[in-house]
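Owing to the predicted nature of the structure, the values given are computational and were not obtained by experimental measurement. The first residue of the sequence shown is numbered 1, and numbering continues consecutively from there.
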Amino acid sequence: MKEQSNIPTSKVERAGKFVTTGLKVGTNYIKHYTRKLMDPSTTKEELHQDNAADIYDTLSNLKGSALKVAQMLSMDKGMLPKAYTEKFAMSQYSAPPLSGPLVVNTFVKTLGKSPSQLYDKFEMQASNAASIGQVHKATKDGKILAVKIQYPGVANSVKSDLRIVKPFAIRIVGMNEVDMDKYFEEIEGKLLEETDYKLELRRSVALSQACAHIPNLQFPGYYPDMSSDRIITMDWLEGLHLKEFLLTNPTQEARNKIGQALWDFYQFQVHSLKQVHADPHPGNFLMRPDGSVGIFDFGCVKEIPEDFYVNYFLLVDKEVLKDEKRRHEIYTNLEMIHPSDTPKEVEFFSGLFQHMIDLLTLPFTLENFDFGNEAYFNEIYAYMDELYNMKEIRDSKVARGSRHSLYINRTYFGLYSILSDLKANVITGPGRIQELVNGKLKA
């Protein structure tokens, strides 16, 4: 893959890239409608492909928060046209990497030494490159290491990038600006945390230790003396990313073990630690034929407020939701319905949310769940598509859903997506979660 010798870091440079991309997207629309005049049967698929390619090309070269938003959108399969999710998914581990001189410069600026002075061996070609940083392989004292390096200018461009990328996101997703404001505030806070590698290092050590007892999980060790505010050095983990792993035709037993390990990992964090690794895209996991999985990258961690946690997981309790008054209270607490809603709106949105909740919480209500059930996911995607096209939702003047739900929903959508691709059969019932919370499940 072609390397980048520089990244635009000033607000003017980065804004200029978006303006150019906006012009390309506008031209794509003109081409589309011209083709449609000539051939009325023309669909929007080619338009989506052209737009996705142009937008991704810009985001992948800017990197940082702009590319991170694309990565987040790629995980919500029901939100975007397929052309966007497929193209944006490349940001999970295959963005264009930085060139050698930029890598060396980062070391000298933040650690006062070049890679050759810090490690016995350092591979200048990146092994993986994503939105916030890229990873290089190194060795030191006989240990194989992974060295994560943050792209230049990422931390300083979060706020300005989000202001620029917001109109693209609104247009692609089809939401009103009012729907996006509080969520973009949440995204901004998380992205600023993700650029703080010292915070990530502390969280990585703490959460890895807290989850070490869960079967079939492996976490790297971390090296603070070879880390800085823009570099993290950790053990190199062996394994394959999801797409490559599935190409090896793994056994169902291995799929199930990995699926169970990931399910347990997330339930323990959510229900016991009240904070969670909120970036469950395939680039953060390494899978092995024996059914074990390596986990890294704790840059995005969502801390869960107690009142939100209580209300959010009351949605799993079907008996509670049978009580219309109690259900109304929970929906209000989670900002799914609003005090300003008319009785008609309350009834309408409550019905929509109830059906969506019934679908999404189904695994929690059964002892075992087969995530290879394509009919289940097809029903979810069909319903999401129905909601997306519903006039009442698109014309809504209020954002529905707490800002805290953004990363929690993202976490579960990401987890479900991976488990679906694995076609894993997983123990999902409340008994399993209770064992995790009580510390009775041991590796």
Side-chain angles (χ1 to χ4, degrees), residues 1 3-4 63 67-68 71 91-100 102-108 110-111 113-152 154 194-209 211-212 216-245 258 261-262 265 277 279-288 292-301:
M1 182 180 292
E3 293 183 340
Q4 278 185 250
K63 299 195 172 13
L67 186 56
K68 192 73 180 182
Q71 184 189 93
S91 66
Q92 292 169 3
Y93 35 71
S94 60
L98 290 185
S99 65
L102 283 178
V103 170
V104 173
N105 188 46
T106 301
F107 274 91
V108 173
T110 65
L111 285 170
K113 295 180 179 180
S114 67
S116 61
Q117 292 173 308
L118 275 171
Y119 310 101
D120 297 332
K121 183 181 178 183
F122 182 87
E123 294 185 6
M124 197 57 70
Q125 185 174 358
S127 300
N128 290 298
S131 52
I132 302 294
Q134 63 189 44
V135 176
H136 293 253
K137 199 171 189 177
T139 57
K140 176 78 170 179
D141 299 331
K143 288 186 175 180
I144 304 176
L145 305 172
V147 185
K148 181 178 174 182
I149 305 168
Q150 188 177 124
Y151 300 130
V154 166
E194 284 196 64
T195 63
D196 184 348
Y197 274 13
K198 290 182 178 179
L199 173 63
E200 178 177 343
L201 184 64
R202 293 195 299 272
R203 283 174 163 172
S204 298
V205 172
L207 288 172
S208 296
Q209 290 175 351
C211 298
N216 297 313
L217 296 184
Q218 184 181 353
F219 302 96
Y222 293 87
Y223 301 89
D225 58 327
M226 292 186 284
S227 301
S228 70
D229 58 347
R230 283 178 52 196
I231 295 170
I232 298 178
T233 300
M234 67 192 89
D235 290 326
W236 181 272
L237 296 181
E238 294 296 337
L240 298 172
H241 291 303
L242 178 63
K243 186 177 179 180
E244 290 75 21
F245 177 72
I258 291 172
L262 290 174
F265 172 62
H277 178 291
D279 199 7
H281 69 74
N284 287 337
F285 307 103
L286 291 169
M287 302 174 184
R288 307 182 185 94
S292 62
V293 56
I295 298 178
F296 51 93
D297 197 340
F298 287 88
C300 182
V301 172

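Within the structure, salt bridge (charged side-chain N to carboxylate O under 4.0 Å, His left out) contacts touching residues 227-236 (residues at least two apart or in different chains) do not occur. Within the structure, the salt bridge (charged side-chain N to carboxylate O under 4.0 Å, His left out) test picks out the following pairs touching residues 120-148 (sequence neighbours left out): Lys148-Glu200, Lys148-Asp297.
No donor-acceptor pair closer than 3.5 Å links the side chain of His277 to the backbone N or O of Phe298. At distances below 3.5 Å, not a single donor-acceptor pair connects side-chain atoms of Tyr223 with backbone N or O atoms of Met234. Between the side chain of His281 and the main chain of Gly283, a donor-acceptor pair closer than 3.5 Å is present.
With sequence neighbours left out, Arg203 forms a salt bridge (Lys or Arg N to Asp or Glu O under 4.0 Å) with Glu193, Glu303. Listed by chain and number, the residues in a side-chain hydrogen bond (donor to acceptor under 3.5 Å, both in side chains) with Ser116 are Ser114 (sequence neighbours excluded). Looking at residues two or more places apart in sequence or on another chain, you find no ring-ring contact (aromatic ring centres under 6.0 Å, His included) involving Tyr222. Residues passing the side chain to side chain contact (heavy atoms under 4.5 Å, CB included) test with Leu237, sequence neighbours excluded: Gln218, Pro220, Leu286, Arg288, Phe296.
Between Gln150 and Thr110, every side-chain heavy-atom pair lies at or beyond the 4.5 Å cut-off. With a 4.5 Å cut-off on side-chain heavy atoms, Phe122 and Val103 count as touching. Within the 4.5 Å cutoff, side-chain heavy atoms of Met124 are placed close to those of Val104. Looking only at side-chain heavy atoms (C-beta outward), Asn216 and Phe265 stay at 4.5 Å or farther from each other. At a threshold of 4.5 Å between non-hydrogen side-chain atoms, the residues Leu242 and Met287 count as touching. A heavy-atom distance below 4.5 Å is found between the side chains of Ile149 and Phe107. Looking at Thr233 and Asp225, their side chains never come closer than 4.5 Å, going by heavy atoms from C-beta outward.
For the residue pair Gly133 and Tyr197, the shortest heavy atom distance occurs at CA-OH, 4.1 Å. Among all heavy-atom pairs drawn from Pro282 and His241, the shortest one is O-ND1, 3.4 Å. Scanning both residues, Lys113 and Gln117, for their nearest heavy atoms gives CA-OE1, 3.4 Å.
One finds the CD1 atom of Ile258 at 7.0 Å from the OG atom of Ser292 (value rounded to the nearest 0.5 Å). The CG atom of Leu111 sits 4.5 Å away from atom CD1 of Ile231, with the distance rounded to the nearest 0.5 Å.
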* I would like to know whether Val147 and Val135 meet side-chain contact (heavy atoms from CB on, under 4.5 Å); could you show each step before the answer? => CA-CA 5 Å; Val147 185; Val135 176; over 6 Å; no
